[in-house]
Chemist: 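Sharing a structure below in structure tokens format, with a few things to ask.
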Protein chains: 2
Amino acid sequence: MAQSGEPLGSREKVLAAAAAMYAEDPTASLSVRAVAARAGVSTGSLRFHFPTQAALRETLLAAIYDHAFPDDVITDVAVPPRERLLACLRALLAPVGTGAQARDAWRRLHDRVVAPEPPTAQVRAAVGEMGAEGSRRVGRWLRVLAEEGALPPGDDAARASFLLTVVGGLSFERAVPSAEDDLLARESTTLGLAVDAVLGPAARDVTAGGASDVRP
Amino acid sequence: MAQSGEPLGSREKVLAAAAAMYAEDPTASLSVRAVAARAGVSTGSLRFHFPTQAALRETLLAAIYDHAFPDDVITDVAVPPRERLLACLRALLAPVGTGAQARDAWRRLHDRVVAPEPPTAQVRAAVGEMGAEGSRRVGRWLRVLAEEGALPPGDDAARASFLLTVVGGLSFERAVPSAEDDLLARESTTLGLAVDAVLGPAARDVTAGGASDVRP
DNA sequence: ACCTGAACACCGTTCAAGT
DNA sequence: ACCTGAACACCGTTCAAGT
């Protein structure tokens, strides 16, 4: 990521503007003109770098999730627990990619997991392992937060299962063609609701707005 | 339906035109001008009867799906709101089936929606409409509960999107050949958490004696 | 190669004006 | 009350023209 050392190229300016607008309001429209104006760039230039609005949104989404968060973000007490859990869930979602990439990932999963009928014991075991690995990771995050007292008492296994289901639902929506338009806003609010369901409503007040740190 | 006959009012002409266009091509755009032209009516007249395009589409789809889905469970005030919303979400999930049946349903969806690359505009639009229909149904349930005062103020569109994502995630897990033993239990707790996230902690259980400040 | 900004073809909504 | 159609403020995309 380029720090503010030298002048940004138009492409970066556009991306930064879009990220800033998204950070300020995840439900903002991110129209060509709005983003171009914010970036101090012409619509034609925006179009040159992003042949379509969908391409811009896709790139932005990728950039946001591309922060390959190391697994120990969860222990960073400088960040509010809510933001930490959100970041971890985003990291879980990141490898899916967006658009065609997400569809490709989904296709592979489909061919391997749901297509074979009847499912072999091998597939069954592999899938079970995948699920267990996910549960382990999410379970660990929850345990860390619980030790801080940031998590109200409750069934953490159920919570982990719940969060994994939400991430699974979102990852499928990544692969669904039409959902790409307002995917950014919807993912943000949905993950927020899911995290609030786990952390309780008290955690929501710590941070305003649904957007986390989207650094230009 | 009827090519011509008794003089229809403008409202009916508009609705008939929209229905015809939708019947001919479910992916058609149904724009103000297109529908108005097809109905032989001015855009102003269309606007008079349908204050917004969303209203027109909503009326049309309500007319189409009304006799198909009577879903009136949500209005049964004898049942606690939480149970009603849960029942509705289960009804949404039901057609997916379980096991091999769920995999079959998922395979069809996959072949039609995520397999074609690049996705056609037709698929894109049809999928968008499907999602919108789901949002509408869930949105209606939330509206009913809101009118009863069982729903804290908030973004109901975001909540509907969230619930649909959860149901989507669960429906996929239905198709995943894993330990189907605790599927029912996991589904139950996950749906419960999702519903609690929407209805607020008040609806969950009366055991919460701690500081549960519901913001005004 | 990169960028500009006008132009095009849409969209939904508003509204003074008619009947 | 119902209807008209122009006008407005958007939208995404295209493109001749500049540097």
Side-chain angles (χ1 to χ4, degrees), chain A residues 2 6-19 21-22 24-61 98-100 177-186, chain B residues 6-19 21-22 25-62 118-129 131-132 135-136 139 157:
Chain A
E6 35 205 293
L8 295 165
S10 285
R11 204 191 117 97
E12 281 66 38
K13 282 199 283 187
V14 166
L15 222 41
M21 293 168 71
Y22 174 72
E24 284 165 16
D25 179 11
T27 73
S29 79
L30 297 186
S31 73
V32 218
R33 288 164 184 81
V35 174
R38 174 75 170 251
V41 148
S42 70
T43 67
S45 179
L46 192 153
R47 255 309 145 272
F48 177 78
H49 293 289
F50 304 96
T52 180
Q53 279 308 96
L56 170 60
R57 280 189 293 261
E58 192 168 325
T59 304
L60 174 61
L61 194 65
T98 57
S178 95
E180 286 157 357
D181 302 346
D182 56 341
L183 191 73
L184 280 164
R186 283 218 332 280
Chain B
E6 306 90 61
L8 294 166
S10 284
R11 205 191 118 97
E12 282 65 38
K13 281 200 283 188
V14 166
L15 223 39
M21 292 168 73
Y22 179 74
D25 180 11
T27 74
S29 79
L30 298 185
S31 74
V32 219
R33 289 164 182 79
V35 174
R38 174 73 170 254
V41 149
S42 70
T43 67
S45 178
L46 191 154
R47 255 309 146 272
F48 176 79
H49 293 289
F50 303 96
T52 180
Q53 280 306 96
L56 169 61
R57 279 191 290 263
E58 191 169 325
T59 304
L60 174 61
L61 268 121
T120 68
Q122 212 164 6
V123 162
R124 210 171 278 268
V127 163
E129 195 46 51
S135 294
R136 235 174 279 122

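Numbers restart at 1 for each chain; the letters A, B, ... are given by sequence-line order, proteins then strands.
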Chemist: Can you pull the contact range of chain B along DNA chain C, 5' to 3', using atoms under 4.0 angstrom from its heavy atoms?
Modeler: dC11(C) to dT14(C)
Chemist: Has the side chain of Thr52(A) got a donor or acceptor atom that lies under 3.5 Å from a matching backbone atom of Ala55(A)?
Modeler: no
Chemist: Please tell me which of Arg33(B) and Ser45(B) maps to the more 5' nucleotide of DNA chain D, matching each residue to the nucleotide holding its nearest heavy atom.
Modeler: Ser45(B)
Chemist: If you look at every strand shown and take non-hydrogen atoms under 4.0 Å, does Thr43(A) touch a base, only sugar-phosphate, or nothing?
Modeler: base
Chemist: Given that both distances must come in under 3.5 Å, which nucleotide forms a Watson-Crick or G-U wobble pair with dA17(C)?
Modeler: none
Chemist: When both hydrogen-bonding distances must be under 3.5 Å and the geometry is Watson-Crick or G-U wobble, what is dC8(D) paired with, if anything?
Modeler: dG12(C)
Chemist: Could you measure the distance from the NE2 atom of His49(B) to the OG1 atom of Thr59(B)? Nearest 0.5 Å is fine.
Modeler: 12.0 Å
Chemist: Watson-Crick or G-U wobble partner for dC3(C), using a 3.5 Å limit on both distances?
Modeler: none
Chemist: Between Leu56(B) and Val32(B), is any pair of side-chain heavy atoms under 4.5 Å apart?
Modeler: no
Chemist: Nearest-nucleotide wise, let me know which of Ser42(A) and Ala54(B) is further upstream toward the 5' end of DNA chain C.
Modeler: Ser42(A)
Chemist: Once you apply a heavy-atom cut-off of 4.0 Å, does Thr52(B) come out as touching a base, just sugar-phosphate, or nothing?
Modeler: sugar-phosphate
Chemist: Got Arg11(A) and Phe50(A) here, is their nearest side-chain heavy-atom distance under 4.5 Å?
Modeler: yes
Chemist: Look up atom OH in Tyr22(B) and atom CG in Leu60(B), then write down how far apart they are to the nearest 0.5 Å.
Modeler: 7.5 Å
Chemist: Go through it in stages, so that I can follow the logic: the residues are Gln53(A) and Leu46(A), the test is side-chain contact (heavy atoms from CB on, under 4.5 Å), and I'd like the CA-CA distance, side-chain angles, deciding distance and then a yes or no.
Modeler: CA-CA 9 Å; Gln53(A) 279 308 96; Leu46(A) 192 153; 3.6 Å; yes
